[in-house]
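Hydrogens, waters and symmetry mates are skipped; everything else that's a heavy atom, side chains included, is used. Order of appearance sets the numbers: ligands from 1, and atoms from 1 within every ligand. Just so it is clear, the structure is predicted and the values come from calculations on it, not from any experiment. FYI, the numbering just counts along the sequence from 1.
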Amino acid sequence: MRIGIIGSGFVAQTLGGKLLELGHDVTISSRDTGRRAKTGWGTELPSPEDWAREHAQRGRGAGCGSFADAATFGEVLIIATAGAHSLEALASVDASALTGKTVVDLSNPLQRSGTVTTLSVVNTTSVAEEIQAAYPEARVVKTLNTVNVAVMIDPASLGAETDMFVSGNDPAARQWVSETLLKDWLGWTSVLDLGDITAARAQEMYLPLWLRLLGALGSANINVKVVKAA
Ligand SMILES: NC(=O)c1ccc[n+]([C@@H]2O[C@H](COP(=O)([O-])OP(=O)(O)OC[C@H]3O[C@@H](n4cnc5c(N)ncnc54)[C@H](OP(=O)(O)O)[C@@H]3O)[C@@H](O)[C@H]2O)c1
């Protein structure tokens, strides 16, 4: 399948690499495909051009381009931009490139000011809802934002079954994301369908707790399991 990733950071490159390994064609995207970005902890990433070249040399269907290029390329789109800027990134994309497509939003609206992190949209809305409102013909599904990218692409690495959450207005898109993307491709075994896209605000509001867990446990390789009494 052709997958267009809006974004070029650590998530875009790592998840994109996993999808390439699985045999899909992946285009990541950036405002400047020749520039090397840094992860949040300062590690320099390959430029999108180098990322695509290195994968293509291994015979994989990797590409890079503008946000509009990736949106046009993908049969399915993944939003992997800094969440406070996801709509800004999509502003350069013609709405027709999203029409009818499943748009998987894994971005988080984190906003850092010194040591304080807040959410740029919260309580009554979320990034995913704002994308859905701006592109009503897209089938937006919120998922994968509640784990780091290492867990995202290899949930079994945690050594126990944990939960992934899914929300979105289109039941068929939620079903495809749950059964195909999450279970068949990425190896998730427990997917909790939270219903319509307004649930995305809860998924995004989990981030302050995730950040505290990161601090308390000293590891980003963490996730939660929801237990319901029998
Ligand atoms: N890191 C993780 O393990 C993890 C796990 C789950 C979810 N997430 C979420 O996934 C998203 C991507 O995370 P990341 O760590 O890969 O990278 P990131 O640094 O959060 O985001 C990088 C991407 O955001 C774009 N961007 C930033 N400011 C922009 C602006 N003003 N206008 C347009 N685009 C802008 C960048 O575009 P350029 O390429 O043009 O610079 C780049 O493609 C975030 O929302 C994050 O919260 C991350």
Side-chain angles (χ1 to χ4, degrees), residues 4-19 26-52 63-71 74 77-93 103-112 117-122 126-131 134 140-155 157-158 162-166 177 181-182 186 188 200-201 203-211 213-214 219-224:
I5 302 186
I6 310 301
S8 66
F10 191 51
V11 174
Q13 295 196 10
T14 308
L15 178 58
K18 170 78 180 179
L19 295 169
V26 179
T27 289
I28 64 170
S29 56
S30 175
R31 291 164 294 182
D32 179 354
T33 55
R35 186 171 45 84
R36 297 184 69 172
K38 284 187 178 165
T39 64
W41 54 97
T43 309
E44 210 167 49
L45 294 168
S47 71
E49 286 168 17
D50 287 343
W51 177 90
C64 68
S66 65
F67 297 137
D69 292 335
L77 307 184
I78 296 175
I79 310 295
T81 36
H85 301 288
S86 292
L87 275 172
E88 207 177 322
L90 283 171
S92 62
V93 176
V103 176
V104 178
D105 174 35
L106 54 75
S107 67
N108 284 307
L110 298 175
Q111 208 169 229
R112 292 189 180 89
T117 301
T118 54
L119 302 175
S120 65
V121 288
V122 70
S126 59
V127 182
E129 286 168 89
E130 298 209 334
I131 295 171
V140 179
V141 177
K142 187 89 198 181
T143 193
L144 291 174
N145 68 304
T146 52
V147 291
N148 85 334
V149 72
V151 173
M152 197 185 286
I153 64 163
D154 186 10
S157 65
L158 291 171
T162 61
D163 294 313
M164 179 46 61
F165 307 109
V166 164
V177 167
L181 174 66
L182 295 175
L186 299 181
W188 286 89
R201 62 189 74 163
Q203 290 162 274
E204 295 176 15
M205 284 193 279
Y206 170 74
L207 258 292
L209 176 57
W210 187 91
L211 289 168
L213 290 169
L214 168 71
S219 172
N221 295 330
I222 54 178
N223 194 21
V224 291

Can you tell me which residue and heavy atom of the protein come closest to [atom], and the distance to 0.1 Å?
atom                    : answer
atom 2 (C) of ligand 1  : V11 CG2, 3.4 Å
atom 41 (O) of ligand 1 : R35 NH2, 2.9 Å
atom 6 (C) of ligand 1  : V147 O, 3.1 Å
atom 25 (C) of ligand 1 : T81 CG2, 3.8 Å
atom 37 (O) of ligand 1 : R31 NH2, 3.6 Å
atom 3 (O) of ligand 1  : V149 N, 2.9 Å
atom 10 (O) of ligand 1 : L106 CD1, 3.4 Å
atom 47 (O) of ligand 1 : N108 CB, 3.2 Å

Within the side chain of [X], is there an N or O that forms a donor-acceptor pair under 3.5 Å with the backbone of [Y]?
X    : Y    : answer
S92  : A89  : yes
N145 : Q203 : yes
W188 : M152 : yes
W51  : Q13  : yes

Examine [X] against ligand 1 and note whether any of their N/O atoms are separated by less than 3.5 Å.
X   : answer
G83 : yes
A80 : no
S8  : yes

Looking at [X], which atoms of ligand 1 are within less than 4.0 Å of one of its heavy atoms?
X    : result
G9   : 16 (O)
S107 : 45 (O)
L144 : 6 (C)
N148 : 3 (O), 5 (C)
E88  : 30 (C), 31 (N), 32 (N)
F10  : 16 (O)
G7   : 43 (O)
S30  : 38 (P), 39 (O), 40 (O)

message = Please find the pair of heavy atoms, one from S107 and one from T81, that lie closest to each other, and give the distance.
response =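 Taking every non-hydrogen atom into account, CB-O, 3.1 Å.
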query = Of all heavy-atom pairs between P48 and T33, which one has the smallest distance, and what is that distance?
reply =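 Answer, listing the atom of P48 first, then T33: CD-O, 3.2 Å.
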May I ask you to test the [X]-[Y] pair for a side-chain heavy-atom distance under 4.5 Å?
X    : Y    : answer
V147 : F165 : no
T162 : V224 : no
T43  : K38  : no

Salt bridge present between E44 and R36 (N-O < 4.0 angstrom) =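 Salt bridge flag = yes for R36 with E44.
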task = Salt-bridge test for K142 and E129: reply yes if a basic N is under 4.0 Å from a carboxylate O, no otherwise.
result =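 No salt bridge links K142 with E129.
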query = For ligand 1, is there an atom lying under 4.0 Å from some heavy atom of A37?
reply =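 The answer is no: ligand 1 sits nowhere under 4.0 Å from a heavy atom of A37.
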task = In sequence, state the C-alpha distance, the side-chain angles, and the governing distance for N223 and D163, and then conclude on side-chain hydrogen bond (donor to acceptor under 3.5 Å, both in side chains).
result = CA-CA 7 Å; N223 194 21; D163 294 313; over 6 Å; no
